[in-house]
Amino acid sequence: MPQTIPSYRRPLNPSQIQLLQTFYKFRFTTSQLIATSQHKQSRVIQSRLQILLDQEYIGRNYDNSYRIKGKPATYYLLPRGIQYLRGQTYTSAQVLKAINNDKTASEQFIDHCLHIFAAYLAFKRLYPDVFKFFSKSELVKRSGLPKPLPDAIVSRNVAAIGVSTDYFLDSYEPATAYLVNRKRFRQYIEYAENADTLPTILLICETTALQGKLLRLANRGLDNSYVSLKF
């Protein structure tokens, strides 16, 4: 009679590998974000995540503070999951080294990563098959990009006359300091002054008030430059 292989020793199946790829792309996620991305029911995704938890490929953030705030559990890669990804050609040793510290990531950084995943889902919903979405983890191996890297690059699948082909996307939260945002816009303007082609910079903002502040800040930076960069 064949023996049953314990779940913690079973090889990864394609759906589990897909989940690990999602963690590499976005660093942190929730079961609902994955369910929306894969068009699956939440209970199916929760079951798959639980298996990866039991096998110690991933970890979970969830305590009383999450419960009180009504926040969903967030998930991240553990060393065993990182070790699997280390053997994949699409991953970067630099990114995996950074991911190794995600167990102690701040709540602000976790929320930022979740915002990027949500932006990705919005593009998939609003512009199906129009754009490719490359997260910061996927951009590390590219040359000729501004430093630090944007949160994502959104590239149009088919070039269209009169519109941008590439969009640099950054997510902004109200807690981010004014000086940090000003420095970021200066970096984009300096990059554009030496670039052959100009991307459009997409600012993803949590509030309309923040949107207004950032656009005013960007325009002040452009007033002192000759580039026609669009924010």
Side-chain angles (χ1 to χ4, degrees), residues 21-37 61 66 69 71-77 92 94-95 98-99 101-102 104-128 130-140 142 145-156 164-192 198-222 229-231:
Q21 292 170 341
T22 298
F23 281 105
Y24 180 80
K25 186 180 183 80
F26 296 108
R27 302 281 288 268
F28 288 89
T29 185
T30 66
S31 61
Q32 186 56 55
L33 285 171
I34 295 175
T36 302
S37 177
N61 294 312
Y66 279 70
K69 296 177 182 177
K71 294 180 58 175
T74 58
Y75 299 85
Y76 58 92
L77 284 167
S92 157
Q94 177 184 340
V95 173
I99 290 175
N101 298 316
D102 282 354
T104 58
S106 68
E107 185 176 349
Q108 183 178 359
F109 179 75
I110 294 171
D111 288 344
H112 184 79
C113 292
L114 298 179
H115 294 161
I116 303 305
F117 200 162
Y120 163 76
L121 294 177
F123 268 92
K124 283 183 65 177
R125 183 183 75 254
L126 297 171
Y127 310 103
V130 177
F131 296 100
K132 290 186 176 72
F133 192 103
F134 301 95
S135 72
K136 184 178 292 187
S137 293
E138 298 169 304
L139 298 176
V140 168
R142 286 200 192 183
L145 295 178
K147 303 296 182 184
L149 292 168
D151 286 327
I153 287 182
V154 185
S155 295
R156 194 177 295 274
S164 294
T165 298
D166 289 328
Y167 299 81
F168 289 1
L169 181 151
D170 277 335
S171 178
Y172 291 85
E173 294 82 31
T176 306
Y178 171 88
L179 292 178
V180 173
N181 292 332
R182 186 176 69 174
K183 181 178 180 181
R184 184 57 171 155
F185 293 158
R186 283 180 177 173
Q187 289 165 339
Y188 275 133
I189 291 169
E190 290 173 0
Y191 168 81
L198 295 182
T200 293
I201 312 299
L202 295 181
L203 314 177
I204 307 298
C205 307
E206 283 195 35
T207 66
T208 53
L210 179 60
Q211 173 186 334
K213 290 179 181 178
L214 292 178
L215 288 176
R216 288 192 295 272
L217 181 60
N219 288 329
R220 282 199 293 269
L222 289 172
L229 190 60
K230 183 178 181 181
F231 288 89

Colleague: What do the steps show when you test Lys71 against Asp111 for side-chain contact (heavy atoms from CB on, under 4.5 Å), and what is the final call?
Modeller: CA-CA 11 Å; Lys71 294 180 58 175; Asp111 288 344; 3.8 Å; yes
Colleague: Count the heavy atoms of every other residue, nucleotide or ligand shown that sit under 6.0 Å from CD of Gln94, and state whether that count exceeds 12.
Modeller: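 At most 12 heavy atoms, drawn from other residues, nucleotides or ligands, come within 6.0 Å of this atom.
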Colleague: Considering all heavy atoms of both residues, which atom of Asp170 and which atom of Pro150 are nearest to each other, and what is their separation?
Modeller: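 Result for this residue pair: OD1-CA, 3.4 Å.
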Colleague: Spell out, as yes or no, whether a donor-acceptor pair under 3.5 Å connects the side chain of Asp151 to the backbone of Ser171.
Modeller: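 Judged by distance alone, yes, a pair lies under 3.5 Å.
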Colleague: Taking all heavy atoms of Phe123 and all of Leu202, pick out the closest pair and write down the distance.
Modeller: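 Minimum heavy-atom separation between Phe123 and Leu202: CZ-CD1, 3.7 Å.
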Colleague: Within 45° of the six-membered ring axis of Tyr172 and under 6.0 Å from that ring's centre, is NZ or CZ of Arg184 located there?
Modeller: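 No, Arg184 and Tyr172 do not form such a contact.
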Colleague: Between Thr36 (side chain) and Gln32 (backbone), is there a donor-acceptor pair under 3.5 Å?
Modeller: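 Looks like yes, one N/O pair under 3.5 Å.
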Colleague: Evaluate the ring planes of Phe133 and Phe26, with Trp represented by its six-membered ring, and classify them as parallel (under 30°), tilted (30 to 60°) or perpendicular (over 60°).
Modeller: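 Taking Phe26 first and then Phe133, their aromatic rings sit tilted (interplane angle of 30° to 60°).
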Colleague: Could you work out, with side chain to side chain donor-acceptor pair (under 3.5 Å) as the rule, every residue matching Glu190, not counting sequence neighbours?
Modeller: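 Listed in chain order: nothing, the list is empty.
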Colleague: How far apart are the closest heavy atoms of Leu214 and Phe185, and which atoms are they?
Modeller: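 Of all heavy-atom pairs spanning Leu214 and Phe185, the closest is O-CE1, 3.4 Å.
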Colleague: Taking atom NZ of Lys213 as the centre, report whether more than 12 heavy atoms of other residues, nucleotides or ligands fall under 6.0 Å from it.
Modeller: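 Incorrect, the count does not exceed 12.
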Colleague: So, Lys69 and Glu107, do they make that salt bridge, N to O below 4.0 Å?
Modeller: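 Judged by the 4.0 Å cut-off on N to carboxylate O distance, Lys69 and Glu107 do form a salt bridge.
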Colleague: Counting distance only, does the side-chain N/O of Ser137 pair as donor-acceptor with the main-chain N or O of Tyr24 below 3.5 Å?
Modeller: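 Indeed, once roles are kept as given, a pair shorter than 3.5 Å links the two residues.
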Colleague: Counting only heavy atoms from other residues, nucleotides and ligands, does the tally under 6.0 Å from CZ of Phe109 exceed 12?
Modeller: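 Yes, enclosed.
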Colleague: Measure across Pro72 and Tyr66 and return the closest heavy-atom pair with its distance rounded to 0.1 Å.
Modeller: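 So the minimum-distance heavy-atom pair works out to O-CD2, 3.2 Å.
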